[in-house]
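For this chain, numbers begin at 1 and follow the sequence in order. Just so you know, these numbers come straight off a predicted model, no measurement behind them. Atoms considered below: every heavy atom in the structure, side chains included; atoms not considered: hydrogens, waters and symmetry mates.
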Amino acid sequence: MKFPEDFKILGKILTLIPYKAIHVPKYHVWMGSEEILRLTGSERLTLDEEYDMQQEWERDDKKCTFIILDNEKYVSSKDELASIVGDTNLFFQDTSEAEIEVMIGEEWARRRGLASEALELMMKYGKEALGRKTKFIAKIKQDNISSINMFEKLGYKKISESQVFNEFTYELNI
């Protein structure tokens with residue numbers, strides 16, 4: 001999804017900024033982690049493939065991807081690239097449903113509330129700014145207890161499980 005050059009969504013502890021080519025090298029490092037690949041159900045890509053995917057997501061109106069910038073780190077460093085800690089996505093299924101994801105790639109930034117706030121901001125953006133989402137779906141690996149707890153705390157309910165993919169599907173209607 002394409003956004004204006006200076007577009008951002010401001011939160012209390014983070015800022016969401018559109019995923020741009022400049023972010024790809026750091027994103028690629030995160031996606032080199034076996035743990036992150038497993039928890040996100042992703043495949044390892046080459047750096048060139050990551051650049052291609054970023055361009056594809058930017059062109060696709062059904063994919064809304066933001067990079068999560070830690071406000072505290074940014075205020076102290078004034079360095080955007082040093083302050084990015086993860087990403088969050090909405091993948092639109094139809095006019096009333098979107099799959100939602102979040103990943104905190106920097107270990108030091110985990111368990112600080114960034115993922116929860118990113119999800120809250122994305123749901124608000126999907127519903128209010130885009131005006132078409134009322135149901136959010138999250139697919140979470142069965143052993144990702146911290147994500148399960150976070151989504152449940154946000155009000156998501158488990159609606160199914162897949163033994164094949166070792167994941168639960170959670171849903172929230174707003």
Quick one, D70 with W108, criterion side-chain contact (heavy atoms from CB on, under 4.5 Å). Give me CA distance, side-chain angles, the key distance, then yes/no.
CA-CA 11 Å; D70 179 278; W108 61 265; 4.2 Å; yes

Determine whether I13 and E72 satisfy the following criterion, side-chain contact (heavy atoms from CB on, under 4.5 Å), listing intermediate values before the conclusion.
CA-CA 7 Å; I13 61 173; E72 184 179 329; over 6 Å; no

Which residue in the set H28, E80, E50 passes side-chain hydrogen bond (donor to acceptor under 3.5 Å, both in side chains) when paired with H23?
E80

Applying side-chain contact (heavy atoms from CB on, under 4.5 Å), run through F151 and L172 and close with a yes or a no.
CA-CA 9 Å; F151 276 93; L172 179 67; over 6 Å; no

Is it true that atom NZ of K8 has more than 12 heavy atoms of other residues, nucleotides or ligands lying nearer than 6.0 Å?
no

Roughly how far, to the nearest 0.5 Å, is the CE atom of M53 from the CG atom of L45?
5.0 Å

Flag side-chain contact, heavy atom, 4.5 Å: C64 against M122:
yes

Please check if I36 and V29 belong to a single hydrophobic cluster, counting links between Ile, Leu, Val, Met, Phe, Trp and Tyr side chain heavy atoms closer than 4.5 Å.
no

Kindly say whether F168 contributes a backbone atom to a donor-acceptor pair with the side chain of K158 at under 3.5 angstrom?
no

Mind checking whether L16 and T88 have side chains closer than 4.5 Å, heavy atoms only?
yes

Hphob cluster co-occupancy, I67 + M123, side-chain heavy atoms under 4.5 angstrom:
no

R44 side, atom CZ; E34 side, atom CD - distance, nearest 0.5 Å:
4.5 Å

Membership question, hydrophobic clusters at under 4.5 Å side-chain separation (ILVMFWY): are M31 and I140 in the same one?
no

Any I145 side-chain heavy atom under 4.5 Å of S147 side chain:
no

Rounded to the nearest 0.5 Å, the CD1 atom of I17 sits from the CZ atom of F7 at a distance of 12.0 Å

Does E99 reach the main-chain N or O of K139 with its side chain, forming a donor-acceptor pair under 3.5 Å?
no

Given S146 and N144, is the side-chain contact (heavy atoms from CB on, under 4.5 Å) satisfied, shown in steps?
CA-CA 6 Å; S146 60; N144 192 344; 3.4 Å; yes

Using side-chain heavy atoms (C-beta onward) and a distance below 4.5 Å, is D143 in contact with R38?
yes

What one should report as the nearest heavy-atom pair of G11 and N71 is O-ND2, 3.3 Å

What is the minimum heavy-atom distance between K26 and L81, and which atoms define it?
NZ-O, 2.8 Å

Does I9 share a hydrophobic cluster with I68, counting links as ILVMFWY side-chain heavy atoms below 4.5 Å and allowing steps through other members?
yes

Around atom CZ of R110, are there more than 12 heavy atoms of other residues, nucleotides or ligands at under 6.0 Å?
yes

Using a cut-off of 6.0 Å, state whether more than 12 heavy atoms not belonging to F165 lie near its atom CZ.
no

Any link between V24 and W57 through a network of hydrophobic side chains (Ile, Leu, Val, Met, Phe, Trp, Tyr) touching at under 4.5 Å?
yes

My understanding is that only one of F3, F66, Y51, Y27 makes a ring pair (Phe, Tyr, Trp, His ring centres under 6.0 Å) with Y19; could you say which?
Y27

For Q142 and S162, the nearest pair of non-hydrogen atoms, with its separation, is NE2-O, 3.5 Å

Heavy-atom closest pair (L90 atom, G126 atom, distance to 0.1 Å) is CD1-CA, 3.9 Å

How about CD on E161, more than 12 heavy atoms from neighbouring residues, nucleotides or ligands closer than 6.0 Å, or not?
yes

Can you confirm whether the side chains of N89 and T65 place a donor and an acceptor under 3.5 Å from each other?
yes

Which heavy atom of I137 sits nearest to which heavy atom of I159, and what is that distance?
CD1-CD1, 4.5 Å

Is it the case that more than 12 heavy atoms not belonging to E56 sit under 6.0 Å from its CD atom?
yes

Please report the shortest heavy-atom distance between L14 and L114, naming the atom on each side.
CD2-O, 3.1 Å

List the residues meeting side-chain contact (heavy atoms from CB on, under 4.5 Å) with D60, not counting sequence neighbours, and say none if there are none.
K62, K63

Taking NZ, NE, NH1 and NH2 as the nitrogens, is one of them in R112 or E106 under 4.0 Å from a carboxylate oxygen of the other?
no

